[in-house]
Amino acid sequence: MPAKPSEAPRGWSTVDKPVFFVAVGLVVIICLLGVLFTETVGEVAGAALGWVTTTFGWVFILAAAGFVAFSVVLAFGRFGSIPISQEGETTEFSRMSWIAMMFSAGMGIGLMFFGVYEPVTHLASPPPFVDAAPESAQAAESAMAYTLFHWGLHPWAIYSVVGLALAYSTHRMGRGNLMSAPFQAILGRERIEDRGWGRPIDILAILCTKFGSATSLGLGALQIAAGLSLLRTGEFEENPSARLPVIIICVLTVGVIISAASGVSRGIKWLSNTNVVLAAALLVFVFVVGPTVFILDLVPASLGTYFANLVPMSFHSAVFGGGDWLASWTIFYWAWWISWTPFVGTFIARISRGRTIREFVLGVLLAPTGVSVIWFAVFGGAGIDLQINGVDIAGTGSEAAGFFAMLAEYPFFTGAALVVMVLTAVFFVSGADAGSLVMGTLSSYGRETPWTPVVIVWAILTGAVAAVLLFVGGLGALQTFTILAATPFVLIMVGLCVSLYVDLRRDPLRLRRAAPVRQAIAVPSDVPFADPTADGPLDRGPRSPTET
């Protein structure tokens with residue numbers, strides 16, 4: 001029996017079928033090609049990666065620096081006090097839960113995988129832009145500086161601009177929580193919604209999210225597999241197969257489905273808070289049993305080198321060499337963060353109602369960056385100390401084994417290794433859960449609570465993509481497909497920045513302020529808060545063809 005016009009749409013009627021079927025179809029085709037033509041897909045992807053990094057590496061470098069500048073201007077400019085909500089709305093989550101969910105979704109597994117491996121690798125083999133002998137004091141400083149560069153302000157600025165554009169569009173402008181919704185500011189609602197111009201943007205966002213989250217899940221599976229192999233045999237595998245990581249992905253995907261079915265307020269929130277407790281316990285343990293004084297000395301030295309070289313590091317390019325290193329590290333990271341922006345940006349927007357623009361930007365930039373500094377100072381510092389003193393962490397087995405190689409030098413190794421694997425598994429589930437929720441939102445007209453079966457479908461496909469990429473080529477395939485998926489999305493991000501700026505210039509709170517230079521700008525009729533004193537709730541529900 002069809003729903004009455006007054007009833008809200010439910011179930012299958014809430015799904016944007018063209019977006020859902022096109023996106024699912026493309027994901028399934030890519031998975032089948034990877035399974036049936038493994039070598040060919042690997043060769044074509046490798047050739048495409050070489051062309052992209054050679055031709056468009058400069059785009060990633062300039063874009064990342066530009067997003068940092070744009071975020072800082074928004075935080076400290078005239079738009080900073082504007083709330084990301086309708087007049088009078090309050091926040092949905094406490095500040096602690098907000099930061100925990102944001103951080104867990106943004107980089108959890110990456111911190112576990114690269115927490116020891118990256119600083120130690122840069123120490124043993126300094127970047128080509130650093131004139132330092134391997135394992136020297138200068139190499140140690142530059143290793144930490146580049147690690148903080150890759151995990152500090154730049155990635156969170158990338159998340160910030162997308163998250164803020166979506167949060168403002170959703171919670172203040174009353175549009176659906178879609179990647180295409182902010183573009184109504186420059187293209188109009190009729191073109192984006194009625195004519196379907198926004199659907200290609202949302203499909204691209206889903207594909208980008210799919211490969212970005214699959215990369216993280218693949219890294220998590222590799223790390224858990226390395227820990228299990230070590231505990232089982234007592235040795236690190238030099239060339240581990242993809243069989244065990246694929247089995248781990250299948251098992252943990254069941255946990256993702258269960259968590260996804262429980263929603264944000266229960267599943268993701270509980271898992272994120274659990275992450276914080278486990279991560280803090282592991283961090284305190286290594287800080288106490290490890291080289292405590294060395295770690296404390298490393299923090300100011302690393303921060304000093306990081307900030308002193310922030311501008312030069314931000315603009316290093318391959319024009320005079322170093323292209324392979326940039327493709328493996330900086331460009332990969334920028335592409336990885338960009339591929340995560342539809343997922344993390346949409347998720348951050350979903351949980352950020354009621355924050356001001358200044359609070360949002362500073363919270364997204366500074367809180368996770370501060371945690372990253374502490375994280376890499378403790379775990380990276382412990383690894384660097386061991387490497388300098390003759391323990392070859394950098395040359396241990398595979399990349400996934402670095403964390404365990406460091407822990408093996410301290411007491412209670414078995415217990416600590418189990419905590420690492422549990423923490424990685426929880427990061428796996430919470431990250432995939434949030435990603436599935438976001439893809440469900442993007443394929444459901446921007447609904448904040450998409451139909452559960454759709455979320456479950458995306459959870460299953462995320463695990464499938466991660467397994468296929470590991471099968472195609474392990475870590476290299478994860479990096480390759482991440483960069484390829486993120487390349488076209490850079491243009492979408494630039495468009496989001498322009499759209500956000502256009503929206504903010506029309507905001508009544510901005511217009512009510514004295515403007516010594518600019519004239520007042522007419523507020524368009526579709527701005528839901530054009531009359532700040534108007535009563536009545538803001539209609540922020542989805543606009544699907546079945547709604548009236």
Side-chain angles (χ1 to χ4, degrees), residues 19-52 109 113 203-226 228-229 237 239-257 260 332 335-336 339-340 342-343 398-400 425 428-429 431-433 435-436 439-440 443 453-488:
V19 172
F20 178 77
F21 283 117
V22 170
V24 168
L26 290 173
V27 170
V28 171
I29 289 172
I30 293 172
C31 289
L32 290 176
L33 290 175
V35 172
L36 299 176
F37 307 99
T38 305
E39 292 186 5
T40 303
V41 169
E43 292 173 359
V44 172
L49 174 66
W51 180 75
V52 166
I109 287 178
F113 192 89
I203 292 171
L204 178 59
I206 289 175
L207 294 178
C208 207
T209 300
K210 180 62 64 181
F211 286 102
S213 58
T215 297
S216 297
L217 302 190
L219 296 180
L222 288 172
Q223 184 155 42
I224 294 173
L228 290 175
S229 298
E237 293 186 48
N239 297 300
S241 67
R243 181 180 177 182
L244 182 56
V246 169
I247 293 175
I248 291 170
I249 287 174
C250 294
V251 172
L252 291 181
T253 299
V254 176
V256 176
I257 294 172
F332 161 67
W336 191 14
S339 72
W340 266 44
F343 153 36
S398 62
E399 298 89 346
F428 183 111
V429 174
D433 184 358
S436 302
M439 286 182 281
S443 55
V454 171
V455 178
I456 292 174
V457 168
W458 287 123
I460 295 171
L461 286 177
T462 298
V465 171
V468 168
L469 291 183
L470 286 177
F471 183 71
V472 169
L475 178 60
L478 295 174
Q479 294 177 323
T480 296
F481 280 89
T482 297
I483 295 175
L484 295 180
T487 300

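Expressed to the nearest 0.5 Å, how far CG of Leu222 lies from CD1 of Ile248 amounts to 8.5 Å. Here Ile224 contributes atom CD1 and Ile247 contributes atom CD1; the two are 13.0 Å apart, rounded to the nearest 0.5 Å. Rounding to the nearest 0.5 angstrom, the gap separating the CG atom in Leu33 from the OG1 atom in Thr40 is 9.5 Å. Distance CG/Leu228 to CD/Gln223: 11.0 Å, rounded to 0.5 Å. Distance CG/Leu26 to SG/Cys31: 11.0 Å, rounded to 0.5 Å. If you take CD1 on Ile257 and OG1 on Thr462, they are separated by 10.0 Å, rounding to the nearest 0.5 Å.
Smallest separation of non-hydrogen atoms from Pro342 and Cys208: CG-CB, 4.0 Å. Summarising the geometry of Ala466 relative to Leu217, their closest heavy-atom pair is CB-CB, 4.0 Å, with the distance given to 0.1 Å. Residue Leu484 comes nearest to Ala45 through the heavy atom pair CD1-O, 3.9 Å, listed as atom of the first residue, atom of the second, then distance. Ile249 and Ala467 get closest at one heavy-atom pair: CD1-N, 3.8 Å. Of all heavy-atom pairs between Val455 and Ser436, the closest is O-CB, 3.6 Å.
In this view, Ala464 satisfies the side-chain contact (heavy atoms from CB on, under 4.5 Å) rule with no residue, not counting sequence neighbours. By the side-chain contact (heavy atoms from CB on, under 4.5 Å) test, Val24 pairs with Phe20, Val28, Trp458, Leu461, sequence neighbours left out.
For the pair Thr209 and Ser339, the minimum side-chain heavy-atom distance is 4.5 Å or more. Contact of the Ile206 side chain with the Val19 side chain is registered, since non-hydrogen atoms from C-beta on lie closer than 4.5 Å.
For Phe37, the CZ atom is loosely surrounded, since the number of other residues' heavy atoms within 6.0 Å does not exceed 12.
Between Trp336 and Trp340, the ring planes lie perpendicular to each other; the angle is over 60°, past the 30° to 60° tilted range.
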Check the pair Val246 / Val468 against side chain to side chain contact (heavy atoms under 4.5 Å, CB included), numbers first and verdict last.
CA-CA 8 Å; Val246 169; Val468 168; over 6 Å; no

